[in-house]
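For reference, positions follow the sequence shown, starting with 1.
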Amino acid sequence: RLRSLGLLAESMTMISTDHNTWAYLSFIQPKKRSRTNDARYWYTDTSMILLSRSIDGEWTCAASCVQGVQRICQLEVFLESNKEYCCVPLSLSSEKRHGNKVKFQFVCYSAQKTCLKSVSVATIPSQDILSILHKELLKDLSSNCVHSVADGGVIVHVTKPRCVYFVVINASKTYLSVKLHLALMEKSLRVQVGNQEGTYDVAPFSQQIISVVQMDGTGAWTDGLPFSFISHSIPSFLPHERRNPSQISHGIELTIKGECLAVEKGCWSPRGDGIIDLSTWNMVLGTSNQRKT
């Protein structure tokens, strides 16, 4: 099941230390110019979620770097000696582009000695990782990123470096059906999850990633992503009627943040459109994006 979340590797890395320390954690892919024997080689998207927990406690997110196609994914974090950490690699395009055979190196630089241990992907349930990803995506949203489409239903677009996530939150008692159209202005924009035009049915009291758009850096740049949507409620629903399921758009239970976003919005409209600003994506492909904790 973890493969359906876009897991980049067949294992995750456990990290521990005997002394509190700052550390740099990185996923690094081989340079394009070093792969002269493979003209088709190109980078894939690599994202990192660093989980932490006290002894016998629950896993929570200590830091994250969610991004599109970049050669390097990096986090600067403070590791505590009384906690254990798990570094989870994620990728949405690796299976399409490389058949899940992506070569990357995990690197840890720290001021104090750290212990690294490879563990199976089954160590942490996939649904837990997906729930944590949802919580990270819904942090610190501006009001213009949330579109109220029904009574208790919203569409949220979350812009990260070189990628945009579309999340539907349904806090109502009925199914919410959303038709999303994405106007891709350049060939370098790719829909990695969902479809350029697709219809998605979200169960009551749940939330779901319905689409993810990335810029892979192989074509011309664009400063905007136009989109439009139409929604309506479905009183009854049969499971076999589900349309256009996507790789990571397994529904999860409504989170506290998701419920607040869906309930706080006042007036709503079943139709809408907008343009997402992508001007901040114009950066050097070999650089990394990081978030301090």
Linking I/L/V/M/F/W/Y whenever their side-chain heavy atoms sit closer than 4.5 Å, directly or via other members, would [X] and [Y] fall into one cluster?
X: I132; Y: V119; result: yes
X: I275; Y: L182; result: no
X: I276; Y: I230; result: no
X: L116; Y: L50; result: yes

Tell me the closest heavy-atom pair linking [X] and [Y], and the distance in Å.
X: P89; Y: M12; result: CD-CG, 4.3 Å
X: C65; Y: C73; result: SG-SG, 3.5 Å
X: K257; Y: L138; result: CE-O, 3.2 Å
X: Q67; Y: C163; result: C-SG, 3.7 Å
X: L25; Y: C108; result: CD2-SG, 3.6 Å
X: I209; Y: Y165; result: CG2-CD2, 4.0 Å

Identify which one of [options] satisfies the side chain to side chain contact (heavy atoms under 4.5 Å, CB included) criterion when paired with [X].
X: I155; options: V146, V167, V178, L176; value: V178
X: S228; options: H181, R271, E197, K179; value: H181
X: Y85; options: T13, L51, I15, T17; value: I15

Is there a side-chain contact between [X] and [Y] (heavy atoms, below 4.5 Å)?
X: Y175; Y: P204; value: yes
X: I28; Y: R71; value: yes
X: V158; Y: C145; value: no
X: V156; Y: L137; value: no

Between [X] and [Y] (side chain of the first, backbone of the second, donor and acceptor by atom type, cut-off under 3.5 Å), is there such a pair?
X: Y43; Y: K32; answer: yes
X: S211; Y: V193; answer: yes
X: Y200; Y: G194; answer: no
X: Q207; Y: T255; answer: yes

Using 0.5 Å steps for rounding, measure from the [atom1] atom of [X] to the [atom2] atom of [Y].
X: M48; Y: Q74; atom1: CE; atom2: CD; result: 8.0 Å
X: N170; Y: D151; atom1: CG; atom2: CG; result: 10.0 Å
X: D277; Y: L225; atom1: CG; atom2: CG; result: 10.5 Å
X: L261; Y: S148; atom1: CG; atom2: OG; result: 10.5 Å
X: Q196; Y: L189; atom1: CD; atom2: CG; result: 9.5 Å
X: H134; Y: S206; atom1: NE2; atom2: OG; result: 9.0 Å

Candidate pair K113 and T21, rule side-chain contact (heavy atoms from CB on, under 4.5 Å), full reasoning: CA-CA 9 Å; K113 182 179 179 180; T21 181; over 6 Å; no
Candidate pair I124 and C86, rule side-chain contact (heavy atoms from CB on, under 4.5 Å), full reasoning: CA-CA 9 Å; I124 302 176; C86 182; 3.8 Å; yes
Should the heavy atoms of other residues, nucleotides or ligands under 6.0 Å from [atom1] of [X] be counted, would the total exceed 12?
X: E259; atom1: CD; result: no
X: N82; atom1: CG; result: yes
X: I256; atom1: CD1; result: no

side-chain contact (heavy atoms from CB on, under 4.5 Å) evaluation trace for D18 with Q112: CA-CA 8 Å; D18 292 331; Q112 301 289 338; over 6 Å; no
For [X] and [Y], test the side chains for any donor-to-acceptor distance below 3.5 angstrom and give the result as yes or no.
X: D45; Y: S91; value: yes
X: S177; Y: D201; value: yes
X: S11; Y: S118; value: yes
X: Q29; Y: T44; value: no
X: S64; Y: E136; value: yes

Pair S26-Y109, side-chain contact (heavy atoms from CB on, under 4.5 Å): steps then yes or no: CA-CA 9 Å; S26 304; Y109 292 105; 5.7 Å; no
salt_bridge(R53, E84) N-O dist < 4.0 Å: yes
H147 ring center within less than 6.0 Å of F227 ring center: yes
Aromatic plane relationship, H157 with F166 - under 30° parallel, 30 to 60° tilted, over 60° perpendicular: tilted
